[in-house]
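No hydrogens, no waters, no symmetry mates; every other heavy atom, side chains included, goes into these values.
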Amino acid sequence: MSTAPIQISVCIANYNGIEVIDDCIRSVMDQQDAPNVEIIVHDDASTDASAGHIRRHYPDVKLIVSPENVGFCIANNRMAAEAKGEYLLLLNNDAALFPDALATLYKAAEGIGASAIISLPQYDFESGSLLDRGCLLDPFLNSVPNLDPDRNEVGMVIGACFWIDRVLWVELGGLPEWFGSIGEDLYLCCRARLAGHPVRALGASGYRHHVGQSFGGGKVADGRLRSSFRRRALTERNKTFVMAIVYPTPYMQLLLPLHLMLLLFEGMLLSLLQRDTRYLREIYMPVLSALIRQRGKWRPVRQGVQQSRRLARDQFYAVFDWTPYKLRMVVRHGLPMLR
């Protein structure tokens with residue numbers, strides 16, 4: 001085993017991923033021309049024997065086994081605390097890197113010469129089709145896939161393949177553990193940009209991703225947007241937290257109340273059209289109560305973020321697409337199918 005210093009720590013959060021974890025780990029082991037790499041896996045109290053599978057088949061992987069399910073944010077914070085690399089790559093267990101991915105990311109990071117968040121083009125695991133080169137954001141912080149090969153400055157990159165240097169990770173305080181899962185990539189990217197750090201999606205290399213493997217759906221299949229009640233509930237709640245934290249005051253005072261009103265309207269409309277009150281009860285109503293209940297956590301973070309903001313408002317919104325993305329998706333694919 002190499003005694004050279006570790007440059008990259010690949011952190012893989014695993015929960016019941018026995019069907020996909022081999023592709024993920026092997027894609028890291030098979031990297032070409034990459035600097036010295038360590039692989040850390042946090043098993044989040046899996047019930048499918050994947051922890052034992054990893055221990056048996058990948059003895060060089062550092063395995064952290066949690067006695068209880070703690071969620072994506074705590075899992076990655078634990079791995080980052082154990083990591084030795086100058087750079088961290090948060091990699092989903094249902095994602096697999098192209099052979100030149102780490103070399104491409106490392107070269108780009110070294111070339112920027114400053115702390116940054118970086119990712120690669122994301123491709124659908126089954127079809128091979130390009131899903132995004134990072135994302136723009138709409139006014140309500142819905143992610144809008146960027147397919148422009150000439151644009152690499154983006155609003156956010158997807159957490160399935162999320163490169164960040166350790167210095168910036170420490171500056172931002174890691175992932176917000178009270179989020180649980182979902183939206184943590186949006187949170188870190190918005191915070192990094194407000195603090196003056198680039199968020200970039202590269203045009204070269206890439207990774208394949210089983211989108212929605214962990215939380216059910218979250219992608220278009222057979223012409224319809226398919227998701228789950230749990231995924232949508234976490235998405236709407238945590239997206240609202242991010243808006244409350246990062247939006248400059250004039251925009252927050254305008255857009256946050258509008259966002260909450262539109263969520264309630266959306267919930268009532270979907271409940272009526274789908275004849276199922278769970279849409280309103282399980283997804284949309286809890287957003288407002290969570291915002292009030294967790295105000296002791298997001299308000300201090302907001303105060304610190306706004307006081308340390310280095311990016312001008314017009315620069316922050318330069319990566320926004322002002323057409324509401326949900327509206328476009330409904331026009332294109334109809335009402336979402338949830339399970």
Side-chain angles (χ1 to χ4, degrees), residues 1-2 6-67 69-76 78-80 82-85 87-106 119-131 157-163 181-182 185 205-219 221 228 231:
M1 184 176 291
S2 173
I6 294 170
Q7 275 91 30
I8 304 170
S9 297
V10 178
C11 303
I12 304 169
N14 178 70
Y15 175 68
N16 286 349
I18 197 165
E19 295 181 358
V20 293
I21 195 66
D22 287 326
D23 285 335
C24 180
I25 293 176
R26 287 171 185 163
S27 78
V28 180
M29 291 182 165
D30 293 341
Q31 287 297 295
Q32 301 169 359
D33 302 318
N36 205 19
V37 178
E38 68 172 348
I39 303 173
I40 306 173
V41 175
H42 181 284
D43 185 79
D44 205 9
S46 294
T47 59
D48 66 351
S50 52
H53 174 82
I54 295 166
R55 185 179 288 111
R56 284 193 306 274
H57 294 280
Y58 306 102
D60 291 335
V61 168
K62 183 170 186 177
L63 180 64
I64 302 170
V65 179
S66 178
N69 188 271
V70 294
F72 189 80
C73 289
I74 292 178
N76 278 286
R78 287 177 177 175
M79 288 187 286
E82 296 289 333
K84 298 177 181 177
Y87 296 101
L88 307 176
L89 178 68
L90 311 188
L91 185 66
N92 273 23
N93 66 346
D94 58 358
L97 300 173
F98 286 13
D100 62 344
L102 292 184
T104 301
L105 286 163
Y106 184 77
S119 191
L120 301 167
Q122 177 184 204
Y123 295 86
D124 183 78
F125 209 106
E126 286 76 24
S127 69
S129 59
L130 176 66
L131 298 176
V157 297
I158 303 301
C161 178
F162 194 98
W163 175 282
S181 301
I182 302 286
D185 43 10
S205 191
Y207 67 101
R208 297 175 296 148
H209 186 203
H210 294 283
V211 178
Q213 182 83 14
S214 300
F215 285 92
K219 66 177 183 178
S228 67
R231 184 186 185 95

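Residue Ile8 holds its CD1 atom at 4.5 Å from CG of Leu102, rounded to the nearest 0.5 Å. Expressed to the nearest 0.5 Å, how far OG1 of Thr104 lies from CG of Asp33 amounts to 9.5 Å. Of the inter-residue distances, the one linking Ile158 atom CD1 with Leu131 atom CG reads 9.0 Å to the nearest 0.5 angstrom. Atoms CG and CG, from Leu91 and Asn76 in turn, are 10.0 Å apart once rounded to the nearest 0.5 Å. To the nearest 0.5 Å, atom CD1 of residue Ile21 and atom NE2 of residue His53 are 8.0 Å apart. Between Asp30 atom CG and Asp100 atom CG the span is 12.5 Å, to the nearest 0.5 Å.
At distances below 3.5 Å, not a single donor-acceptor pair connects side-chain atoms of Gln7 with backbone N or O atoms of Pro35. A donor-acceptor pair is defined here as one N or O able to donate and one able to accept, closer than 3.5 Å; such a pair exists between the side chain of Asp185 and the backbone of Gly159. Under the 3.5 Å distance criterion, the side-chain polar atoms of Asp44 are matched with a main-chain donor or acceptor of Gly71. Without hydrogens or angle criteria, Gln31 side chain to Ala101 main chain gives a donor-acceptor distance under 3.5 Å.
In this structure, the side chains of Leu88 and Met79 stay at 4.5 Å or more apart for every pair of heavy atoms. Proximity of Phe72 to Ile182: side-chain heavy atoms (C-beta onward) are nowhere separated by under 4.5 Å.
Phe125 carries Arg208 over the face of its six-membered ring, with the cationic atom under 6.0 Å from the centre and within 45° of the normal.
Of all heavy-atom pairs spanning Leu63 and Asp43, the tightest one is CD1-CB, 4.3 Å. Of all heavy-atom pairs between Pro121 and Leu130, the closest is CB-CD1, 3.9 Å. In plain terms, the two heavy atoms of Val65 and Ala51 that are nearest each other are CG2-CB, 4.4 Å. When all heavy atoms are compared, the tightest approach of Ala96 to Ser27 is CA-OG, 3.6 Å. Taking all atoms of both residues into account, the shortest heavy-atom contact from Glu38 to Ala83 is OE2-CA, 3.3 Å. When all heavy atoms of Leu120 and Gly206 are compared, the closest pair comes out as CB-CA, 3.7 Å.
Relative ring orientation between Trp163 and Tyr106 is described as perpendicular, the plane-to-plane angle rising above 60° on a 0-90° scale split at 30° and 60°.
Judged purely by distance below 3.5 Å, without hydrogens or angles, the side chains of Tyr58 and Asp22 pair a donor atom with an acceptor atom. A donor atom on one side chain and an acceptor atom on the other are found under 3.5 Å apart for Arg78 and Ser66.
With sequence neighbours left out, the side chain to side chain contact (heavy atoms under 4.5 Å, CB included) criterion links Asp48 to Asn16, Ile18, Ser46, Ser50. A search for salt bridge (charged side-chain N to carboxylate O under 4.0 Å, His left out) contacts involving Lys84 returns nothing, not counting sequence neighbours.
Of the candidates Cys161, Ser119, Cys11, Cys161 is the only one forming a side chain to side chain contact (heavy atoms under 4.5 Å, CB included) with Leu89.
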Quick one: do Tyr123 and His209 satisfy side-chain contact (heavy atoms from CB on, under 4.5 Å)? Show the steps, please. CA-CA 6 Å; Tyr123 295 86; His209 186 203; over 6 Å; no
Where do Ile39 and Asp60 land on the side-chain contact (heavy atoms from CB on, under 4.5 Å) test, with the steps shown first? CA-CA 8 Å; Ile39 303 173; Asp60 291 335; over 6 Å; no
Audit row: His57, Ile25, side-chain contact (heavy atoms from CB on, under 4.5 Å) steps and yes/no: CA-CA 10 Å; His57 294 280; Ile25 293 176; over 6 Å; no
